[in-house]
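Notes to accompany the following structure.
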Amino acid sequence: MRLRPRTIRTQLVALLLVPLLSLAGLWTYSTYSSVRDALALLRVAETYRYYGGPTDDLDLALQDERRAAVVYTASQGSTGGTTLARLEKKTDAALAVLRGHATAQERGTALSGDQKVQLTRTLQVATDGLGALRQEVRDPEASWSHVLETYSSVIEPGFQLRESLGALQTGQLARQAIVAVQVVRARELISQEDAIMAAARVGGMTGSAFRDFTSLISGRRLLQDAYGADLPAGAEARLEAFENGKLGGALRSSELLSISSAPRDAPFALQESLWRQSVDDALDELDAIDVTAADEIGTEARDTGYDVLLRTGAVSLAGLVLVILSMVVSLRLGRRLVRRLRTLRDEAMELSGNRLPEVMRRLRDGEILDHEAVLKAAPALHLGDDEIGQVGRAFTASQRAAVQAAVEQEKLRRGVSAVFINLARRSQVLLHRQLTLLDAMQRRTQDPTELEDLFRLDHMTTRMRRHAEGLLILSGNSPGRAWRRPVRLAEVVRAAVGEVEDYPRVAVRRMPRISVTGAAVGDVVHLVAELIENAAAFSPPETKVVVRGEVVAGGYVIEVEDRGLGMGPERLAEVNDELGHAAAGMDLPETDRLGLFTVGRLASRQGIRVTLRRGDYGGTAAVVLIPTAILVDAEDDEPETGELTFRPRPASELTARAETSAPARAAVAVATRAPREPREERTGMGLPKRVRQANLVPQLREDAVHESAADTPPTGADRERSPDEARSTMAAFARGLARGRSADAPRKNGENGG
């Protein structure tokens, strides 16, 4: 999983911390390494004293035991038994001391891994090898040369341990420590020479032993010549004095005299006492030189350690100060960058979240704004001359452009709205004149076919008037039609059906006796008409569009359901979202959604909630929830007049149910078009003459819009007819029309025949 910082501040902190942590890590490592080396130098003397001293003592004891052992073996046990036993105890004591030091380490004498391995190997070889070697020494058949070689192999790990102890130092000190070990090796070679000479005096010198003796002399001289110059100053001077002095000369003379004789005569070329004296003096002096070298190396290591520790402390302190300073500077720079970026962010959020929405709200409210005055309330950002400052200046420019664009866009919207209003008002005037002309033509005509065409033209004109009102709604104005008195909801739905082209396909189910307040009648008629027309347009022509309604807890629900293909869930959700935000929307909708956009505007204005859902039969159902705030209930005993009186009562009392069939609805629609004048006025063919707006209920007529509340209550022929009376009237009208046509047919046939 990738970790991604969520904020600019986190990213800057991460960006700054990465190099700072790297720098701090390098400083820590370098300081640790330097301090570790300095401390290692300080413990060189202690470490060598604790492990090197016992190792030297063990090697010296093994060298003495080796000399006694080869003499004892060469004499087949007849010489040196007591001395051998004593020296073996001395060796065991030295081994016990070294083993004790290895078990209980002193403070400041910690060993590295390789040093611990060498120490363990030295102890193991000495412990395991001595037991078997001592048994071999007491074997009469043992060879003294083999015993000599075996003892030398037991002593060898001690030299390797001392070399590993020298690894604590670096540079010249390490070189001097290695050279000091070589001096100890030279002493070991002299000790082997002495052991060979002692064994040869008892058991005789063989040719191979003589060659080994000669090789030891050459090797010792080579070591002293090769490494003497690299010893510490004091040890070097002492070694040079030994080589050029009396002790060195005596040793060389003894060695030269021995190797110049024949092999069997070599042990006796020099008196034993003289050989013993020169060898013992040489061994003691080389041992002293080794001690001197070790002391000098320890002292120099300690002084160097303190010097390194002091310099490391100073450098580390300076590095720590630089690291802290870098962190402080980086954090200050980071905070400054974050503060500037935060200012830029706050300004952007203020513009997008408050300033521009406030400008748009004021523009929607009709306030005339000057973009210069608006920009004065938003000062320009001055964030420096770097890239952030350039971004701030660019943001200031974009802010001015956005505000100016908003003002100009609102001016354009007002211009478009003014054009819409102008066109709509002109269309309304023309449509009103057209309706007046159609009314006059309907009064004059006596031809049923022409009358039917005029009725169809009247219906299309009514639809055109609704579309003109839609332009006013889209521009944010009211349609213009309004009623002061409530109108029954059933009549409102019928009026909406009458404004739809495919009104014969609309089936209106039974609705209770409930009314809509006069101020909301026009909007509800338009809203329902748009939904019915949309349902009819998007469903097969042979199907019905069903309109039903019922009382619910929050008001009254009108449901318009078609039998079309319907819409998918995503499309339904999109349309419902557009319906819910139509009132707040500033942009015009797509051309195929103007009706739904108009519905959303009307619903928002009256507090109506419109929701589309999947129909029960696969189509789409529009659910219109009319709130109780714009509903009243009609009196059960309301007078049979064109105008109704109402008194409010609870929704639970709205129990009127009257199922009306499609023919009955048509009959009611025709019956409600009855003129206020008596029906005795007829045409020459016996048909009643059409009265303008007689097809509307009294509350929807234009003259009702302008009537005052003090008008005389309607009586007589103006009362509202029941569905049964309307059905009877329509049936009688149909029968009279049929008789008139049948009576007129023979007369026309006779005229044609004449």
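Checked against side-chain hydrogen bond (donor to acceptor under 3.5 Å, both in side chains), Thr461 has the following partners two or more places apart in sequence or in another chain: Gln434. In this view, Glu450 and Thr445, Asp447 satisfy the side chain to side chain contact (heavy atoms under 4.5 Å, CB included) rule, not counting sequence neighbours. In this structure, the side chain to side chain contact (heavy atoms under 4.5 Å, CB included) partners of Val429, at least two apart in sequence or on a different chain, are Arg433. Residues passing the side chain to side chain contact (heavy atoms under 4.5 Å, CB included) test with Met567 are Arg571, Leu572, Val575, Leu612, Thr620, sequence neighbours excluded. Shown here are the salt bridge (charged side-chain N to carboxylate O under 4.0 Å, His left out) partners of Glu533, two or more places apart in sequence or in another chain: Arg463, Arg466. Contacts of Pro627 classified as side chain to side chain contact (heavy atoms under 4.5 Å, CB included), with partners at least two apart in sequence or in another chain: Ile608, Ile630. By the side-chain hydrogen bond (donor to acceptor under 3.5 Å, both in side chains) test, Asp453 pairs with Arg456, sequence neighbours left out. For Arg613, the side-chain hydrogen bond (donor to acceptor under 3.5 Å, both in side chains) test picks out Glu559, with sequence neighbours left out. For Arg548, the side-chain hydrogen bond (donor to acceptor under 3.5 Å, both in side chains) partners are Glu561, not counting sequence neighbours.
Residue-environment remark: CD (Glu570) stays at or below the threshold of 12 foreign heavy atoms within 6.0 Å. The environment of Leu430 atom CG is dense: over 12 non-hydrogen atoms of other residues, nucleotides or ligands sit within 6.0 angstrom.
The closest donor-acceptor contact from the side chain of Thr436 to the backbone of His432 lies under 3.5 Å.
Taking the side chain as every heavy atom from C-beta outward, Pro541 and Asp502 never approach each other to under 4.5 Å. You'll find the side chain of Thr517 stays beyond 4.5 Å of the side chain of Leu631, heavy atoms only. Contact annotation: the side chain of Val610 never approaches that of Val623 to less than 4.5 Å [non-hydrogen atoms, C-beta and beyond]. Counting heavy atoms from C-beta outward, Val560 and Val545 have side chains that approach closer than 4.5 Å. Residues Leu451 and Thr449 are not in side-chain contact: their nearest non-hydrogen atoms beyond the backbone lie 4.5 Å or more apart. Looking only at side-chain heavy atoms (C-beta outward), Arg563 and Lys544 stay at 4.5 Å or farther from each other. You'll find the side chain of Leu531 reaches within 4.5 Å of the side chain of Val624, heavy atoms only.
Heavy atoms only, all atoms of each residue included: Ser515 and Pro486 are closest at CB-CB, 4.0 Å. Considering every non-hydrogen atom in both Pro540 and Gly564, the closest pair reads CD-CA, 3.9 Å. When all heavy atoms of Leu602 and Leu527 are compared, the closest pair comes out as CD1-N, 3.7 Å. Taking each heavy atom of Ala520 and Val516 in turn, the nearest pair found is CB-CG1, 3.9 Å. Heavy atoms only, all atoms of each residue included: Leu625 and Gly555 are closest at CD1-N, 4.4 Å. Residues Asp458 and Leu435 come closest through the heavy atom pair OD1-CD2, 3.9 Å.
Here the CG-OH distance, from Asp562 to Tyr617, works out to 13.0 Å after rounding to the nearest 0.5 Å. We find the CD-CZ distance between Glu550 and Arg509 to be 14.0 Å, quoted to the nearest 0.5 Å. Distance check: Met511 CE to Arg494 CZ gives 9.0 Å after rounding to the nearest 0.5 Å. A distance of 11.0 Å separates CG of Asp523 from CD1 of Ile626, quoted to the nearest 0.5 Å. Rounded to the nearest 0.5 angstrom, Met464 CE and Leu457 CG are separated by 9.0 Å.
Using a 3.5 Å distance cut-off with no hydrogens or angles, the side chains of Arg505 and Ser539 do pair a donor with an acceptor.
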